[in-house]
Every structure is written in structure tokens, then in C-alpha cells.
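Working notes, beginning with the structure itself.
Not measured: the values here are computed from a predicted model.
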Amino acid sequence: MDEVMRLTAREAVRRLKAGDITPLELIDAALARIAETDGALNALPTLVPERARAAARAIMDGPRTGADHPGWLAGLPIAVKDLTDVAGVRTTFGSPIYADNIAQQTD
């Protein structure tokens, strides 16, 4: 996992395209790193790992070419800042007064 966490985004995408690594492996590596560091940082107050894994499975099972291709960055995990609404996900805007705010739509 440590090797995977040290990949640049370009290298991770290259390895995804080559089939050397899967989106699920990248998600697991990212979650492991978050578990190691976020206690002190508190940068990611809301995680949705099962949603990420479901999206990864859809990418892995979907078309690799043509009009339905998921895009060049497909499978590369990203963190969405807690200031951006994502439908169905808690968005606190960095404040405890929004601790129970669930976004209705995605920005």
C-alpha cells in the first residue's frame, strides 16, 4: 500500500490504464492513509468508502472504449472538500452547526 500511496496522479492513471492496478486498490490505499493521518488533521470529516467502491466496481465492469468510456481519470480517487455539496453526503462546511446537513444535490 505504501508504494501505491507514493504514486503521482499521472503514474496512477498510467497504471490504471495498463491494468497494473485497480481502482479498488487505490481506494483501499487512500483509506489506509486517511486512517493513519486524519486523526491529527481532521481534514476529511465525512467518508463514503462504500460509495467509492461501488463507483470503482462500475468503472471496472464498464466499457473501456467508445462513447461510454468513463474518462481518462476514471478510477483515480479524489477527496472532495467539505465545502462542496455532493448529493446524499454530509457536508458540514467545516462547522459543527452543519453536522447533520445532507446535501440534496451535487454542486
Side-chain angles (χ1 to χ4, degrees):
M1 289 285 179
D2 198 42
E3 174 198 350
V4 174
M5 284 310 307
R6 298 192 187 288
L7 295 174
T8 65
R10 283 184 165 187
E11 181 63 14
V13 168
R14 187 193 68 73
R15 290 183 65 183
L16 281 165
K17 287 180 190 176
D20 297 337
I21 196 167
T22 69
L24 289 172
E25 290 171 310
L26 289 174
I27 290 168
D28 289 343
L31 289 170
R33 184 68 177 149
I34 291 165
E36 288 175 14
T37 60
D38 200 49
L41 301 174
N42 195 31
L44 299 168
T46 305
L47 298 176
V48 287
E50 288 312 312
R51 185 172 173 161
R53 286 187 180 107
R57 283 187 207 94
I59 290 167
M60 292 167 61
D61 294 341
R64 301 267 184 220
T65 60
D68 293 328
H69 184 276
W72 294 112
L73 299 179
L76 183 69
I78 62 163
V80 177
K81 185 73 176 160
D82 190 48
L83 301 174
T84 303
D85 282 343
V86 176
V89 177
R90 182 173 75 129
T91 307
T92 70
F93 304 107
S95 173
I97 65 173
Y98 295 109
D100 298 321
N101 179 55
I102 305 295
Q104 298 301 308
Q105 61 187 18
T106 298
D107 283 351

Quiz item: With Ala52, which residues qualify under side chain to side chain contact (heavy atoms under 4.5 Å, CB included), at least two apart?
Solution: Ile27
Quiz item: Counting N and O atoms only, with roles assigned by atom type, does the side chain of Glu11 sit under 3.5 Å from a partner on the main chain of Ala9, one being a donor and the other an acceptor?
Solution: no
Exercise. Identify the heavy atoms of Ala29 and Val4 that sit nearest to each other, and give their distance.
Key: CB-CG1, 3.6 Å
Quiz prompt | Qualifying ring-ring contact (aromatic ring centres under 6.0 Å, His included) pairs, either residue in residues 79-107, two or more places apart | solution = Phe93-Tyr98
Exercise. Please collect all ring-ring contact (aromatic ring centres under 6.0 Å, His included) contacts where either partner lies in residues 4-53, sequence neighbours excluded, each pair once.
Key: none
Practice problem: Quick one: name the residues clustered hydrophobically with Leu41, using the 4.5 Å side-chain heavy-atom rule over I, L, V, M, F, W, Y, and just say none if it's on its own. | Solution: none
Quiz prompt | All side chain to side chain contact (heavy atoms under 4.5 Å, CB included) counterparts of Ala55, not counting sequence neighbours | solution = none
Quiz item: Is the shortest side-chain N to carboxylate O distance from Arg15 to Glu3 below 4.0 Å?
Solution: yes
Self-check item: Contacts of type side chain to side chain contact (heavy atoms under 4.5 Å, CB included), residue Ala103, not counting sequence neighbours
Solution: Asp85, Thr91
Practice problem: Quick one: which residue pairs count as a side chain to side chain donor-acceptor pair (under 3.5 Å) with a foot in residues 32-46, not counting sequence neighbours? | Solution: Arg33-Glu36, Thr46-Arg90
Quiz item: Thr106: what forms a side chain to side chain donor-acceptor pair (under 3.5 Å) with it, not counting sequence neighbours?
Solution: none
Practice problem: Could you pull out all residues at least two apart from Ala30 that satisfy side chain to side chain contact (heavy atoms under 4.5 Å, CB included)? | Solution: none
Self-check item: Under 3.5 Å: donor-acceptor pair, side chain of Glu25, backbone of Thr22
Solution: yes
Self-check item: From CA spacing to verdict: side-chain contact (heavy atoms from CB on, under 4.5 Å), Asp28, Arg53
Solution: CA-CA 9 Å; Asp28 289 343; Arg53 286 187 180 107; 2.9 Å; yes
Practice problem: Identify whether Leu26 and Leu31 are in the same connected component of the hydrophobic contact network (ILVMFWY, side-chain heavy atoms under 4.5 Å). | Solution: no
Self-check item: Side chain Asp82, main chain Gly94, donor-acceptor under 3.5 Å
Solution: yes
Quiz item: Just how far is it from atom CD1 of Ile21 to atom CG of Leu24, taken to the nearest 0.5 Å?
Solution: 10.5 Å
Practice problem: Can you see which heavy atom on Leu16 is nearest to which on Ala74, and at what distance? | Solution: CD1-O, 3.7 Å
Quiz prompt | Contact list for residues 2-28, test ring-ring contact (aromatic ring centres under 6.0 Å, His included), sequence neighbours left out | solution = none
Exercise. Considering non-hydrogen atoms only, spot the tightest contact between Ile59 and Gly75 and give its length.
Key: CD1-N, 3.5 Å
Quiz prompt | Hydrophobic cluster of Val48, others only, ordered by chain and residue number, side-chain cut-off 4.5 Å | solution = Ile78, Val80, Val86, Val89
Quiz item: Listed by chain and number, what are the side chain to side chain donor-acceptor pair (under 3.5 Å) partners of Gln105, not counting sequence neighbours?
Solution: none
